[in-house]
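Structure first, then comments.
In what follows, every heavy atom counts, from backbone to side chain, and hydrogens, waters and symmetry copies are set aside. Here is the naming used below: chain letters follow the sequence lines, and residue numbers restart at 1 for every chain.
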Protein chains: 2
Amino acid sequence: MPRQRSYSRITRQALSLLGKLIRVARTERGLTAQELADRAGISRTTLSSIEKGAPGPEIGIVFEVAALVGVRLFDYDERALQLHNTHLDEKLTLLPRSVRHGVKEVDDDF
Amino acid sequence: MPRQRSYSRITRQALSLLGKLIRVARTERGLTAQELADRAGISRTTLSSIEKGAPGPEIGIVFEVAALVGVRLFDYDERALQLHNTHLDEKLTLLPRSVRHGVKEVDDDF
DNA sequence: CAGTTTTGTTCATTTTATTGGTCATAACGG
DNA sequence: CCGTTATGACCAATAAAATGAACAAAACTG
């Protein structure tokens, strides 16, 4: 009997969009699925799952693929942890300075 | 013969810090490892791997655990994708408005 | 258009993660 | 302090992901 796991809406959305971001970044760089899969050391089948936003793939592989196409999820400094720690509250999204300052602004109405 | 995969420094750092963030958020909420594991529907062993920053755990499970303790990685709106798309460049970190505006500022010198 | 490349999907096999149990140790509380 | 609880680590058994092959369809290209 297969495992039956439930995922929250926010998790499904995050996975779906992360997959799309990776695909967009890949095509923008003119890479085929096979080429990116080769660079990441995974099969095209697995990359397909990742771009589809499946919950199954290993997080290390997904992060590696994201990094390869320039989608940075984290770029934290270890020291950041303690500082962030003192600021934790209910639904705080934790960000490192590099992200807060490096992001390109886009239209505010999305 | 076991699979031998290599992970980049940034991936390892990201996983390590994400695990620490989850652990900090969990303890700040007074949850034991067993309690959080139960809520997430996983074993304490797996949660331990996640908090240790192992690359193996499924990304869906990690995202789910993160969400349960209030560590939001993504909160994108689907429409954001197209807008971001036009702004992709070398090492752009993509952020949704909710993150850009909702983050609590901390000391800039970390 | 015809030919080529890329992608999406499915499937059997191999590899790996997940689980639940156990034990030692650390941290906690009366 | 002693008893309790939480954590970290390890293990065999089980469940699931990763792989590579194969095929159809879609997307390019000349």
Rounded distance in Å - [atom1] ([X]) to [atom2] ([N]):
X: A:I59; N: C:dT18; atom1: CD1; atom2: C1'; answer: 16 Å
X: A:L47; N: D:dA17; atom1: CG; atom2: P; answer: 17 Å
X: B:I61; N: C:dT18; atom1: CD1; atom2: C1'; answer: 8 Å

query = Does a side-chain N-to-carboxylate-O contact under 4.0 Å join B:E51 and B:R26?
reply =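 A salt bridge is present here (some side-chain N lies under 4.0 Å from a carboxylate O).
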Interatomic distance, [X] atom [atom1] to [Y] atom [atom2] [nearest 0.5 angstrom]:
X: A:I42; Y: B:R5; atom1: CD1; atom2: CZ; value: 7.0 Å
X: B:R29; Y: B:L68; atom1: CZ; atom2: CG; value: 9.0 Å
X: B:L21; Y: B:E28; atom1: CG; atom2: CD; value: 11.0 Å
X: B:I59; Y: A:T11; atom1: CD1; atom2: OG1; value: 10.0 Å

query = Which part of the nucleic acid does B:G60 contact within heavy-atom distance under 4.0 Å: base, sugar-phosphate only, or nothing?
reply = nothing
Min side-chain heavy-atom separation [X]-[Y] under 4.5 Å:
X: B:S16; Y: B:K20; result: yes
X: A:R39; Y: A:V65; result: no
X: A:P57; Y: B:E58; result: no

With 3.5 Å as the limit, what N/O pairs link the protein to nucleotides 6-9 of chain C?
| from | atom 1 | to | atom 2 | distance (Å) |
| --- | --- | --- | --- | --- |
| C:dT7 | OP1 | A:R26 | NH1 | 2.8 |
| C:dT7 | OP2 | A:A33 | N | 2.8 |
| C:dG8 | N7 | A:R44 | NH1 | 3.1 |
| C:dG8 | O6 | A:R44 | NH2 | 3.0 |

Between protein and nucleotides 28-30 of chain C, what N or O pairs are separated by less than 3.5 Å?
none

